[in-house]
Amino acid sequence: MRKILFVCLGNICRSPLAEGICLHLIKENNLNNILIDSAGTASYHVNEAPDKRTIANAKKHNVNLSQLKARQFNASDFTLFDEIYVMDNSNYRNVINLTSNTTEKEKVKLLLSIDNFEYEEVPDPYYGNENDFEKVFQLVYKASTVLLGIK
Ligand code: 4NP
């Protein structure tokens, strides 16, 4: 069983999008034995649904995020998950700061480090416009296909 966690700052834009895209791809490709979740390093949006703009953009691509709810990352996630993908360098630092050993550190990677992408980080779209949300969707979608081994 692969256990994958996506992490961003608020858990309302980028990481729930990654979770929803992966759940969509898992269903579409009949994949088994993959557990997906997402969390935010901050607590500002705990229990909130994803950002309305993220939900609307994902819906255009047939990805439904409406049932997801934000939660905060915590140290027990290092035990529950084998692969922890963070969206940007700031998330990376925040998560690494909570590790207590090398095994935990090795689980944490920048999502866009898994292949050659035009960006190193998934940019934070929170203060951006519709194009920024679309850009995030395209980056996260491509990375998700690579992660799940889908052509
Ligand atoms: P996310 O985006 O980390 O992709 O969920 C953000 C959401 C909320 C805030 C910043 C980024 N915020 O400052 O509230």
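Both ligands and their constituent atoms are indexed starting at 1 by order of listing.
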Exercise for the section: Could you tell me whether some N/O pair between S15 and ligand 1 is separated by less than 3.5 angstrom? Expected result: no
Exercise for the section: Assign the ring pair F73 / F78 to parallel, tilted or perpendicular, where the plane angle (0 to 90°) is split at 30° and 60°. Expected result: perpendicular
Practice task
Please confirm whether the backbone N or O of T99 pairs with a side-chain atom of K105, one donor and one acceptor, at under 3.5 Å?
Solution key: no
Problem - For atom 12 (N) of ligand 1, closest protein heavy-atom neighbour - result: Y126 CE2, 3.6 Å
Handout entry: Distance filter under 4.0 Å to C13 heavy atoms, resulting ligand 1 atoms
Key = 1 (P), 2 (O), 4 (O), 5 (O)
Exercise for the section: Could you check atom 1 (P) of ligand 1 against the protein and tell me its nearest heavy-atom contact, residue, atom and distance included? Expected result: C8 SG, 3.5 Å
Exercise for the section: Check ligand 1 against G10 and write out every atom of the ligand that is under 4.0 Å from a heavy-atom position of the residue. Expected result: 1 (P), 3 (O), 5 (O)
Exercise for the section: Considering the heavy atoms of I12, write down every atom of ligand 1 situated less than 4.0 Å from one of them. Expected result: 5 (O), 7 (C), 8 (C)
Completion exercise
atom 11 (C) of ligand 1 sits nearest the protein heavy atom D124 OD2, 3.2 Å
Completion exercise
Contact region, D51 to ligand 1, non-hydrogen atoms below 4.0 Å, reads neither
Exercise for the section: Looking only at protein heavy atoms, identify the closest one to atom 4 (O) of ligand 1 and say how far it is in Å. Expected result: R14 NE, 2.7 Å
Practice task
Assess R14 against Y126: is NZ or CZ under 6.0 Å from the centre of the six-membered ring, and within 45 degrees of the ring's axis?
Solution key: no
Exercise for the section: Measure from the side-chain N and O atoms of N57 to the backbone N and O of T54, and report whether any donor-acceptor pair falls under 3.5 Å. Expected result: no
Practice task
Examine distances only and state if a side-chain atom of N64 and a backbone atom of S66 form a donor-acceptor pair shorter than 3.5 Å.
Solution key: yes
Handout entry: Presence of salt bridge, E118 and K142, under 4.0 angstrom
Key = no
Practice task
Could you tell me the separation between the CG atom of N32 and the CZ atom of R2, rounded to the nearest 0.5 Å?
Solution key: 13.0 Å
Handout entry: Nearest neighbour in protein (non-hydrogen) for atom 14 (O) of ligand 1
Key = H45 NE2, 2.8 Å
